[in-house]
Structures are given as C-alpha cells and as structure tokens.
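A note on names: the letters A, B, ... follow the listed sequences, proteins ahead of strands, and every chain is numbered from 1.
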Number of protein chains: 2
Amino acid sequence: MPRATVDRLPRYLRALDSLEAQGVVTTSSETLAAVAGVGSAQLRKDLSFLGSHGRRGVGYDVSHLRGRIAAALGVTSRQRVVIVGIGNLGHALANYSGFGERGFSVVGLVDVDPAVVGSSVSGMVVRHLDELEGLVDELGATIAVLAVPSSAAQRVCDRVVAAGVGGVLSFSSRELAVPTGVDLRTVDVGAELQILAFHGRRRQSTGA
Amino acid sequence: MPRATVDRLPRYLRALDSLEAQGVVTTSSETLAAVAGVGSAQLRKDLSFLGSHGRRGVGYDVSHLRGRIAAALGVTSRQRVVIVGIGNLGHALANYSGFGERGFSVVGLVDVDPAVVGSSVSGMVVRHLDELEGLVDELGATIAVLAVPSSAAQRVCDRVVAAGVGGVLSFSSRELAVPTGVDLRTVDVGAELQILAFHGRRRQSTGA
DNA sequence: CGCTGTGAAAACCTTCACAGCC
DNA sequence: GGCTGTGAAGGTTTTCACAGCG
C-alpha cells in the first residue's frame, strides 16, 4: 500500500464519521471525496488497495467502509499512548479529549521535573521518567508522544524505543534517529509556519 | 520551485543553525544532508532551485546559505502571527518561546470565552474575536493559527481570511475551505497517531 | 582531486477514461 | 443508467551518475 494512500486514510475515516453522524447510510466516491477534500478518482484508487468494498451503480456502505478503514489503520481496539514531557504542550495534549474518538487512550504521563512529577493532570498522576520502562510494559503502550525540549528529545526518544514502543510522535524540531522497525513522525509547528511564510512571500511579490 | 522542496527548506534552515551553533563555517552536501536527515543528491537538487551558492571542490558557506534559505522562506524579518483560540493548545502555543528563533512573533491572542478574554497569557491580554479584524490590520499580522474547537473552525477560518491574513495554520481535524490565494496547512495530531498505528499494525502482523 | 550542479533515468503518485458490474 | 475498480497516461519527485569548475 502506497505511503501517500496511508497518509490519507485518516481523512477518509473522519469523513465517514461525519457522514455517519448525519445519518447517511450509503455514499458515492464523488460525495465522500468532496467531504474528505480530495478528487474522486484518487479516493477510489486509494480504497482499491483495501479491496473491493463498494457496489457498482450504488456506492459504498458508510458503516462497513468505516470499519474496513479502521481495521486497516489498526484502531479497532484502542491503542495505548504515553505522553512524555508534561510542559505546556504535554499538558494540552493530556487534556485533549478528542483522542478517544480517533482510537487512542492516553494511559500514562511522564516527566522529569520534580515540580510536575506526582501532580495530577487530566485525572492521572505524572510519573518520573525513571519509571518509563515499567510503565510502557505494564500499561501495554504502543505509541509514545514526545513533548520534551529539543535538547532532550534524542535521549528521551532512545529511552521510549528501548522501553518497547513501536511508534513515536515527536513535537521537537530536532531531527531524531530511530532504529529500523520503529516508526517516527514529527510535527514541527515552526516548520509549518515557515512554509506558510514562503507562500505568503510569493503572494506578496506576485503583487496582491 | 517544487512543493516538496519548499517543504524541506525549514529542515535545511534548522540543520544550518545547528552547524553554525557548533562553529562550523563551511560544510558539504554530504554533511549537511546527514544533519538534515535527507540524501545528499536530494539536498543538492533542492538547493539548486535557490541558485548556485556552493563552491565546487569546497562546499557551502554555512552562514551565507542560511541567509539564502531564510530569504527564500521570507523569515528574514519577523512574520507576525495571531493565535485564535486560547484553550489548552492555544495557551501552550502562546507560551512556546521557540517561535522567535524560527522567524515569528506572536502579536495577538483572541478567544470568545468571557472567562478567558481580558486575561493575560504570556504577557499579552487576550482580546475578543469581535476585535479580530481591527487587530489583524493594526498589528500587521500575516498568519493566523487556529486552535479552536472543530465545530467553530470553519467559521473562525472565514473570519481570519476576511480580516486579511494570507496563511492559516489549523489544528482542527475538520477539513477547511479557503479561497484561492490564501494558504492553509493543517496539523492533525489524531491523524498522525493513526498513521503510526497503521505501521504498528503492520509490524505486529509481520511478526515481532 | 573533490565537490557542486544538473541532465537523464527510475520510482512514485495522480488523473484520466472506460470496461465491467449492479 | 450509474458508479466502482483499474489499466494506461501524465505529472511529479527522487535517485543516479557524471560533466564542469575550483
């Protein structure tokens, strides 16, 4: 399955949720694509990698297709997530209530700051980084979210990987190295802004 | 300039910052690419779109190249950013101190919640959404960051666009529509986790 | 000789357009 | 007739490999 297709599956899942919430039972590639913000040909091609789940002349069963995509993504049972770094951002992520409906449970919070360790955030006690390995194992966490300072990111990343998580989502702008077999994704807000700035610059010099 | 290249420029900028901080004056495509986490051929191709700034047989002048990329991105003078939605995430973003070194100043905070409007966050008073248009104009903001609930995202987006910003960074998972000429980027943390879950699933069934 | 800059080749992804089934 | 599923065409991005300059 092409990487680009995988990257779009979450959009399709959300679009289907949205249609389902509106009581739509059956939909067409045209409609679903419009909701997801892609072209209909692209949608059909992407879905074809999951097998044949539509009916010609009719369309797709919203609920069934939703199930197929959720299964492909592996979010039929809640994936367990540990958040490391309970600063401003870690706090915000821990309190974010939207993870549940996307298929995730935040099961552990970890930090090193003595002022934070032991305190309660979003109904959970923050544990010390030293307890990380035990926590990951005991809680069955498969994904770690890193919201730590850039200077600590690689060190902490090495620890969560050694502890056994298979996926890491980093909010650090630092380039991180992970062993093969572990999946890493990075959200760099500064980089996103810089890309916007590039296009803003274009707009300006094109004269508007 | 290819879209894919633009998306990588921020990485190169950060890599150059990192080298410069270590006192490196001249570097090769090989070294810089390693720091940025890309292939050296890709780096050279990307840089070639900015013109010819290296010296054959020698390499690139770190400081000079940094300047060229910053200019291309339009971050030589600080871009002004307004954050809309001062909940958990908006708070975290407002307090994040790293924007300065990436070329941005947060110049305004906006919300609608009476409990938040008028309070002080990160040394700034939160203004009401009704004042948005005036603020954007008065402060010269070119980019808006949306950290609002999904249900309000499109409405708020329309307002910031009407107020005159040219770039929008949304943290909502909702698909947003913007007029042509306005640039939109979306950071969807739930989607990132789902993509990680997909790969985790693969790993599991491949047998580890 | 070393390293950049770049055409050309290969890989990847998207879009088209229609055959095939409902 | 309508809409999916998909080969084929078209476009973009990456990689290769080397000419060209210092």
query = OP1 or OP2 of D:dT4 less than 4.0 angstrom from a side-chain nitrogen or oxygen of A:Ser29, does that happen here?
reply = yes

request  = Using the closest heavy atom to pick a nucleotide of DNA chain C for each, name whichever of B:Asp46 or A:Pro2 lands nearer the 5' end.
outcome  = B:Asp46

query = Donor-acceptor pair under 3.5 Å: do we get one between B:Arg44's side chain and the base of C:dG5?
reply = yes

query = Rounded to whole angstroms, how far apart are CZ on A:Arg56 and C1' on D:dT4?
reply = 5 Å

ask   = To the nearest angstrom, how far is A:Asp7 atom CG from C:dC12 atom P?
value = 15 Å

query = With A:Val136, which of A:Val165, A:Val110, A:Val107, A:Thr142 fulfils side chain to side chain contact (heavy atoms under 4.5 Å, CB included)?
reply = A:Val165

task = Measure from CE on A:Met1 to P on C:dT14 and round the result to the nearest Å.
result = 14 Å

note = Atom CZ of A:Phe49 and atom C1' of C:dT14 are separated, to the nearest Å, by 11 Å

task = Let me know the distance between CG of A:Leu47 and P of D:dT4, rounded to the nearest Å.
result = 9 Å

query = Any donor and acceptor pair, going by atom type alone, linking the side chain of B:Gln79 with main-chain N or O of B:Gly74 inside 3.5 Å?
reply = yes

ask   = Should B:Arg3 be listed as having a side-chain N or O under 4.0 Å from OP1 or OP2 of D:dG11?
value = no

note = Separation of D:dT12 atom C1' from B:Gln42 atom CD, nearest Å, is 12 Å

inquiry  = Rounded to whole Å, please give me the gap between NZ in A:Lys45 and C1' in D:dG10.
reply    = 13 Å

message = Could you check whether any side-chain heavy atom of A:Leu176 comes within less than 4.5 Å of a side-chain heavy atom of A:Thr186, counting everything from C-beta outward?
response = no

inquiry  = Once you apply a heavy-atom cut-off of 4.0 Å, does B:Gly59 come out as touching a base, just sugar-phosphate, or nothing?
reply    = sugar-phosphate

key: Side-chain heavy-atom pair A:His91, B:Asn88 within 4.5 angstrom cut-off   = no

key: Distance below 4.0 Å between A:Tyr60 side-chain N/O and C:dC22 OP1 or OP2   = no

message = Can you measure B:Glu30 atom CD to D:dC16 atom P for me and round it to whole angstrom units?
response = 12 Å

